[in-house]
Amino acid sequence: MSVTLKDVEHIAKLSRLEFSENEKEKLVHNMNDILKHIEKLNELDTTNVEPLSHVIELQNVMREDETKQSLPVEEALKNAPSKEESFFKVPKVIG
Amino acid sequence: MHSTYEAVIGLEVHAQLLTKSKAFCGCTTQFGNSPNANTCPVCLGMPGVLPVLNKNLVEFIMKMGLSTNCTITEKSIFARKNYFYPDLPKGYQISQFENPICQRGYVDIELKDGNTKRIGIHRIHMEEDAGKSIHDMGMETLVDVNRCGVPLIEIVSEPDIRTPEEAYQYLTMLKQILTYLEICDGNMEEGSLRCDANISVRKKGEEKFGTKTEVKNMNSFRNVERAIEYEVNRQIELIEDGGKVIHETLLWDANKNIALPMRSKEEAHDYRYFPEPDLAPVVVEKEWIEKMQKLLPELPVQRRNRFIAEYNLPKYDAEILTLERELADYYENTASQLTHKKSEHYKTVSNWVMTDVLRVVNDEHIPLSEFPITPNNLAAMVNLIAEGTISGKIAKEVFEEMLKTKEEPKKIVERKGLVQVSDTGAIEKVIDEIFANNAEQIEKYKAGKTQVFGFFVGETMKAMKGKGNPKIVNEILQKKLNN
């Protein structure tokens, strides 16, 4: 499997990122290198190995259903580039 | 529906859980607070934060799974469902993909024709809700992330549903179970229960599925039924006209009664699921399942059947009384305080609850918990009827008075002098007087026009201001007229 220009454009779109043609070319190259590296790992026979979902062997890390103080609204909105009253404001999503 | 076609329908139902705090942080799930007041670094998706799983989310979904005959997965994991939208600050929704916690269950629904049908449940998984965006103001979109991170369960049916009626019954059953378990308030209008339908049609006898569409935005049980009916017919007509169904998402417009294609908000589903590294797997041991099993309340169908067996109620009554847990509790609390444990009195209570209690509750839009007449007082009133102290007719008056004053029925009866007259001498006196003034009617009766009997009953009751014991009035009239 290899990455094409089309794949890069698709991933860029999903990530809401824009690239110049040069950058895209470079990304095709880089991504293929990464895949090549993964191919190398595929040489290992993992037929009888359970897929690993977590690297740390923890389970059932849970808390009781209790509420905690939320942030003051001003704090919550502090990083927002744009706000209105106590809403976050973003470019119009639906036209 | 065209008789040579059949519809294949699967429902995806989202239920908002009644936990106090959010799924992965301690923010409150309370509805109606000012925008963004219920947020913290976790649900705002700040870098470097760690979600911690709410134990009630796991226990609530286990209850639902056990109540719908699912297998509880021993080890289930969370996944990230990636999509980019402002109401989801992290850029992904925490959900489950592989190994959801509940799998392969079913519910049995009952149809109008009396048949029972089993609807398979493919899976039930845990996830979090997204925030709310408000689009209709100016050139920007406003975002409130209070709802972001509120726990949801998604119940995915098998494509076993064939008709709008089946969809309606299935949904009703799910809502009943959810509310009996007290894990969701089941309110579709307010969005705590949401339903999407996957719909396709095929010629009867064919095994292959047709191309499906997904219909969203149906915010009531009736709308689900109507939307499915509309979409099934649309697809059949399209195929009959030589067209082809295309895979798309439609939004139901309840005002126009049509489903219209939704403008795509995201490129064809490409959620790039992968295991959520920040949340440890959930491992459910046998003991935990057994513990939850013990906590399950009696479920609606079991309770209905017990009402039929224990109180000798008609199926229709039992069904209405057990539709909601609160109402079933109200009925049982009343029935348990009857002094005469006889079927006829259980039925009397049922009649009062189904007609009078429900009428008031529905007309006034009040929850049953705020209904002024307690089960105690309703039972005391039915006891007065059973003992012959008041007639059913007088009871209506007592009932209305209890609504207003919340007094005990006995006090009302005493205060208003409503005690029923069972004294045969007194009743006979009234009847003799009526007979004296209605010789003509007596002739009619004797000539065989027995319907005149009702006239005498009415006159007697009128003369006694409704307080005559109907049974004794009837007996005396029978005796006198037939002599």
Worksheet item: What pair of heavy atoms forms the shortest contact from Leu35(A) to Ser2(A), and how long is it?
Response: CD1-CA, 4.4 Å
Discussion item. Please determine whether a side-chain nitrogen of the Lys or Arg among Asp87(B) and Arg147(B) lies less than 4.0 Å from a carboxylate oxygen of the Asp or Glu.
Written reply: no
Worksheet item: Of all heavy-atom pairs between Ile124(B) and Cys70(B), which one has the smallest distance, and what is that distance?
Response: CD1-SG, 3.9 Å
Item to complete: State whether a side-chain donor-acceptor pair under 3.5 Å links Gln96(B) with Ser76(B).
Response: yes
Response to the item:
Applying a strict 4.5 Å limit to non-hydrogen atoms, the region of Pro86(B) in contact with chain A is side chain
Discussion item. Only heavy atoms, only distances under 4.5 angstrom. Which residues in residues 45-57 of chain A are near chain B?
Written reply: Ser53(A), His54(A)
Discussion item. Salt bridge or not between Asp129(B) and Arg194(B)? Use side-chain N to carboxylate O under 4.0 Å.
Written reply: yes
Discussion item. Which heavy atom of Val145(B) sits nearest to which heavy atom of Val143(B), and what is that distance?
Written reply: CG1-CG1, 3.8 Å
Item to complete: Quick one: which of Val73(A), Leu77(A), Val90(A) has the most heavy-atom pairs under 4.5 Å with chain B, could you say?
Response: Val90(A)
Fill in: Interface residue of largest heavy-atom contact number with chain A, from Asn36(B), Leu279(B), Asp144(B), Val58(B), under 4.5 Å
Asn36(B)
Practice prompt. Write down the atom of Val42(B), the atom of Leu50(B), and the distance for their closest heavy-atom approach.
Written response: CG2-O, 3.8 Å
Worksheet item: Checking Pro275(B) against chain A: side chain, backbone, both or neither under 4.5 Å from a heavy atom?
Response: side chain
Worksheet item: So is Lys24(A) actually on top of Phe19(A)'s ring, under 6.0 Å and inside 45° of the axis?
Response: no
Worksheet entry | Under 4.5 Å from a heavy atom of chain A, the part of Leu57(B) involved | neither
Fill in: Check ion pair Glu39(A)-Lys36(A) (N to O, under 4.0 angstrom)
no
Worksheet, complete the sentence: For Ile77(B) and Pro281(B) the tightest heavy-atom approach is CG2-CB, 3.9 Å
Discussion item. If the contact rule is any heavy atom under 4.5 Å from chain A, which residues of residues 16-25 of chain B qualify, in numerical order?
Written reply: Thr19(B), Lys20(B), Ser21(B), Lys22(B), Ala23(B), Phe24(B), Cys25(B)
Fill in: Neighbour count >12 (heavy atoms, 6.0 Å) for atom CD, Glu98(B)
no
Practice prompt. Counting only heavy atoms closer than 4.5 Å, note whether Glu276(B) contacts chain A via side chain, backbone, both or neither.
Written response: backbone
Worksheet item: Does any heavy atom of chain B fall under 4.5 Å from the side chain of Glu66(A), the backbone, both, or neither of them?
Response: backbone
Response to the item:
Most contact-rich option vs chain A, by heavy-atom pairs under 4.5 angstrom, among Val284(B), Val282(B), Val283(B), Thr29(B), is Val283(B)
Discussion item. Ignoring hydrogens, what is the shortest heavy-atom contact between Glu128(B) and Tyr92(B)? Give both atom names and the distance.
Written reply: OE2-O, 4.0 Å
Item to complete: Please work out which of the three classes, parallel, tilted or perpendicular, describes the rings of Tyr273(B) and Tyr271(B), given edges at 30° and 60°.
Response: perpendicular
